[in-house]
Amino acid sequence: MPQDEAEQQPGVARRRLLTGTASYLATAMLNPAHAQELPSAEKAPRNQSRTDPGPENRELQAASPNAFLPPETDHGEVQTFWNSFSSAHRRIQEGGWSRQVTVEDFPISKDIAGVNMRLTAGGIRELHWHNAAEWALMLTGRARITAIDDEGRSFVKDVGVNDLWFFPTGTPHSIQGLAPDGCEFLLVFDDGKFSEGNTTLISDWARHTPREVLAKNFGVPESEIAPVYTVPPEGHYIFQQAVPPALEEDQRAAAGSKPLSPVAFDFAMHAMEPTYKTKSGEVRVIDSRNFPVSTTIAAAHVVVKPGGLRELHWHQNADEWQYYVQGRGRMTVFFNGGKARTQDFNAGDVGYVPRTFGHYIENTGNTDLIFLEMFKAPRFEDLSLSDWISHTPPELVMQHLKISRETLARIPKRKLPVVPA
Ligand code: MN
Ligand code: MN
């Protein structure tokens, strides 16, 4: 039987797998091509141990090569710290859609839940509020956002790609897609149990208030509020309307007799200079120090060039929730006590690192890797492994890591968020 045919016979393949090295060597002797593939007699069993002849979801496997074939430094049982919006249910309505990753589907993520939402031009995410604070990054297109501050003063702004917003717990707000093609954005909530299906919608509330009470509250006849009760039982949530008028017109009409709110619920990250910049990447830190309204959520927006590495580091003050905007990378999270796991991340994926656990993120693709580090905290805080060991008595470090004085001398002497630089 020619070698090619033998390869295609499942029985032959299984037999070779079961008999291991001996069969492999026999095949190698018969076929010079196989002989070249076999680096050494000791390696053959290991290669056989890695084979995977059974069923496989090839797309998922290709997206996560480091899970399929882990680095030899990975070890132990570790809770899953990967999830993806790409496999989440989309709630599609006229005007757009939403999908979410919450602690229900991602048990490690107790501090933070994420929502990904699309609104068409004119599509409205209904006027509402919720029992969690909302932080947002605009991913594509433009939207008009509205809110009121604690004094009841109006906020109406237009936001575009790489702009942010923050609405504190209980602050009522809305989002509407603008021309030409609406928008898509990421929402981050400071509670893993948050759900888009459990927010206070204006139409839902009004519709479930007795007609005579709603009429009395607004000081109008019952007949005039009757249309409220034609809204679907669960409210609008997302619905299609016309694109709103010019921003100034909406701002004037919303303000009425009060001044506009002096509170900046939005942040123009697209115009922000990097907080850290090396030749391998950029980091922008946005927290309550430069975005004062954002008292419960801190963020770092990270760009890592191909081959670059977000250095080995940890965060003292909070768990880290990640969203991958672009590119491809891998992260190893060290869970202490000999436990470590490596996982690949692609655009649309979500990652999580428990507070104080050491980690790095390496760009494994050939485009810029862009991701968010999000924290339920007023401030971004991190410590760098390089910074630590270069500001500790050298003898002490050399004794621990068994490295020479010369090697220690070459290690960066400060925090370099993205290396090599
Ligand atoms: Mn909201
Ligand atoms: Mn981090």
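Ligands are counted one by one from 1 in listed order, and the atoms in each one are counted from 1 as well. Only heavy atoms go into these numbers, but all of them, side chains included; no hydrogens, no water, no symmetry mates.
Restricting H173 to its N, O or S atoms, the one at the least distance from the Mn ion (ligand 1) is NE2.
A salt bridge does not link E151 with K258: every distance from a Lys NZ or Arg NE/NH1/NH2 to an Asp or Glu carboxylate oxygen is 4.0 Å or more. Salt-bridge check for D368 with K305: failed, with every basic side-chain N at 4.0 Å or more from each acidic carboxylate O.
For the Mn ion (ligand 1), the set of nearby N, O or S atoms under 2.8 Å includes none belonging to E196. With 2.8 Å as the limit, E320 counts as an N, O or S neighbour of the Mn ion (ligand 2).
Two residues are said to be in side-chain contact when any heavy atoms from C-beta on lie closer than 4.5 Å; T51 and Q48 meet this criterion.
Side-chain N/O atoms of S404 and T407 include a donor and acceptor closer than 3.5 Å.
Taking the Mn ion (ligand 1) as the corner point, the angle from E134 atom OE1 to H130 atom NE2 is about 80° (rounded to 10 degrees).
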